[in-house]
Amino acid sequence: MNLVEAVSSGFRNYVNFSGRAIRSEYWYWTLCVTIVVVVLGVIDEWLSPGAQMGVFSYVNTIVTLALIVPGLAMSVRRLHDIDRTGWWLLLGFTVIGAFVLIYWACQRGTLGPNRFGPDPMPVSETGPVR
């Protein structure tokens, strides 16, 4: 999956907390959100230099509100891909738990179907393409 496919999948599944998301889909989504937040943060600073609004700036607030639900849905689907429930996202409220979630996001998803749905990756003659 490439960047455009991952972003379109993220917005297509805006509130879809079921199914699975492969590593590339999750990480391309994360990259795109990071780039958007940084670019809009620079624009926000340019529009009102030295306002010292930080995370409470208007642009940052709008972007956060627009991307929080699809980001949570993507994270839940990523956890589903490694056969874990979305409730594990609550680990993110702890420092160590955030590192555990990053580690899990880097892991390969379960091959074949699991309790959250079929494997979203195509299978070639030599095995799954990941």
Side-chain angles (χ1 to χ4, degrees):
M1 182 169 285
N2 63 30
L3 179 68
V4 174
E5 291 171 339
V7 172
S8 67
S9 172
F11 283 115
R12 236 186 359 260
N13 296 308
Y14 195 88
V15 292
N16 182 11
F17 289 85
S18 63
R20 296 167 64 174
I22 59 174
R23 281 186 291 187
S24 61
E25 182 179 5
Y26 175 80
W27 287 111
Y28 277 135
W29 172 264
T30 303
L31 174 67
C32 181
V33 167
T34 303
I35 290 170
V36 166
V37 167
V38 168
V39 167
L40 291 178
V42 168
I43 291 171
D44 191 37
E45 180 62 29
W46 178 68
L47 291 174
S48 56
Q52 299 297 323
M53 295 170 73
V55 296
F56 299 109
S57 69
Y58 301 118
V59 174
N60 200 1
T61 302
I62 292 168
V63 170
T64 300
L65 290 175
L67 296 177
I68 195 163
V69 173
L72 287 172
M74 181 71 73
S75 298
V76 168
R77 289 194 314 271
R78 180 68 200 123
L79 285 169
H80 287 175
D81 194 41
I82 60 170
D83 205 19
R84 299 193 190 279
T85 67
W87 290 106
W88 283 104
L89 273 181
L90 295 175
L91 279 178
F93 289 114
T94 66
V95 175
I96 295 173
F99 289 110
V100 171
L101 288 173
I102 291 170
Y103 172 74
W104 284 346
C106 294
Q107 285 186 326
R108 174 184 293 187
T110 55
L111 298 176
N114 66 16
R115 62 186 166 147
F116 298 105
D119 192 351
M121 288 299 300
V123 177
S124 69
E125 294 175 3
T126 60
V129 181
R130 289 212 180 246

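Numbers for residues simply follow the sequence, beginning at 1.
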A.B. asks: Side-chain heavy atoms nearer than 4.5 Å, only ILVMFWY residues, links allowed to pass through others: does that put Phe17 and Trp87 together?
C.D. replies: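 Shared cluster, no.
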
A.B. asks: Should Val15 and Val33 be counted in the same cluster of Ile, Leu, Val, Met, Phe, Trp and Tyr side chains packed under 4.5 Å apart?
C.D. replies: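 Same cluster: Val15 reaches Val33 through Ile, Leu, Val, Met, Phe, Trp or Tyr contacts under 4.5 Å.
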
A.B. asks: Kindly determine whether Leu79 and Leu101 satisfy side chain to side chain contact (heavy atoms under 4.5 Å, CB included), including the steps that lead there.
C.D. replies: CA-CA 9 Å; Leu79 285 169; Leu101 288 173; 4.3 Å; yes

A.B. asks: Rounded to the nearest 0.5 Å, how far apart are SG of Cys32 and CZ of Phe11?
C.D. replies: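 Output value for this atom pair is 7.0 Å.
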
A.B. asks: Asp83 side chain to Asn114 main-chain N or O, any donor-acceptor pair under 3.5 Å?
C.D. replies: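 No, Asp83 side chain to Asn114 backbone: no donor-acceptor pair under 3.5 Å.
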
A.B. asks: To the closest 0.5 Å, what do you measure between CD1 (Ile82) and CZ (Arg108)?
C.D. replies: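 That separation rounds to 13.5 Å.
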
A.B. asks: Would you say the side chain of Val76 lies within less than 4.5 Å of the side chain of Trp88, judging by non-hydrogen atoms?
C.D. replies: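 Trp88 does not reach Val76 side chain to side chain.
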
A.B. asks: For this output row, return yes or no: ring centroids of Phe99 and Trp104 closer than 6.0 angstrom.
C.D. replies: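 Aromatic pair excluded; centres sit 6.0 Å or further apart.
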
A.B. asks: Flag the pair Phe116 / Thr85 as yes when at least one side-chain heavy-atom distance between them is below 4.5 Å, and no otherwise.
C.D. replies: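 Heavy-atom side-chain distance check passes, below 4.5 Å.
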
A.B. asks: Hey, what do you get for OG1 (Thr110) to CZ (Arg84), rounding to the nearest 0.5 Å?
C.D. replies: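 One gets 10.5 Å once the value is rounded to the nearest 0.5 Å.
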
A.B. asks: Grouping I, L, V, M, F, W and Y whenever their side-chain heavy atoms are under 4.5 Å apart, do Leu67 and Ile62 come out in a common cluster?
C.D. replies: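 The answer is no; the residues belong to distinct hydrophobic clusters.
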
A.B. asks: More than 12 non-hydrogen atoms from neighbouring residues, nucleotides or ligands closer than 6.0 Å to CG on Leu31, yes or no?
C.D. replies: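 Counting other residues, nucleotides and ligands, CG of Leu31 exceeds 12 neighbours.
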
A.B. asks: Looking only at heavy atoms, what is the nearest atom pair of Ala6 and Ser24, with distance?
C.D. replies: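 Closest approach of Ala6 to Ser24, heavy atoms only: CB-O, 4.4 Å.
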
A.B. asks: Kindly check if the number of other-residue, nucleotide or ligand heavy atoms within 6.0 Å of CD1 (Ile96) is above 12?
C.D. replies: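 No, CD1 of Ile96 has 12 or fewer neighbouring heavy atoms, counting only those of other groups under 6.0 Å.
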
A.B. asks: State whether the side chain of Arg78 and the backbone N or O of Tyr26 hold a donor-acceptor pair below 3.5 Å, judged by distance alone.
C.D. replies: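 No, because the side chain of Arg78 does not come within donor-acceptor range (under 3.5 Å) of the backbone of Tyr26.
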
A.B. asks: Are the side chains of Trp29 and Ser9 in contact, using a 4.5 Å heavy-atom criterion?
C.D. replies: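 Heavy-atom side-chain distance check fails, nothing below 4.5 Å.
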
A.B. asks: Once you round to the nearest 0.5 Å, how far does CE of Met74 lie from OH of Tyr14?
C.D. replies: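 Rounded to the nearest 0.5 Å, the CE-OH separation comes to 12.5 Å.
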
A.B. asks: Can you find a pair of side-chain heavy atoms, one from Glu5 and one from Glu25, that are under 4.5 Å apart?
C.D. replies: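 Not in contact.
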
A.B. asks: Of all the heavy-atom pairs spanning Pro70 and Gly10, show the shortest one and how long it is.
C.D. replies: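 Looks like CB-O, 3.9 Å.
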
A.B. asks: As an exercise, state the distance from CG of Leu91 to CD1 of Ile102, rounded to the nearest 0.5 Å.
C.D. replies: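 CD1 of Ile102 is found 12.0 Å from CG of Leu91.
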
A.B. asks: How long is the span from the CD1 atom in Ile22 to the CZ atom in Arg77, to the nearest 0.5 Å?
C.D. replies: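 With rounding to 0.5 Å, CD1 (Ile22) is 11.0 Å from CZ (Arg77).
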
A.B. asks: List the atom of Leu89, the atom of Leu72, and the distance in Å for their closest heavy-atom pair.
C.D. replies: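 Minimum heavy-atom separation between Leu89 and Leu72: CD1-O, 4.0 Å.
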
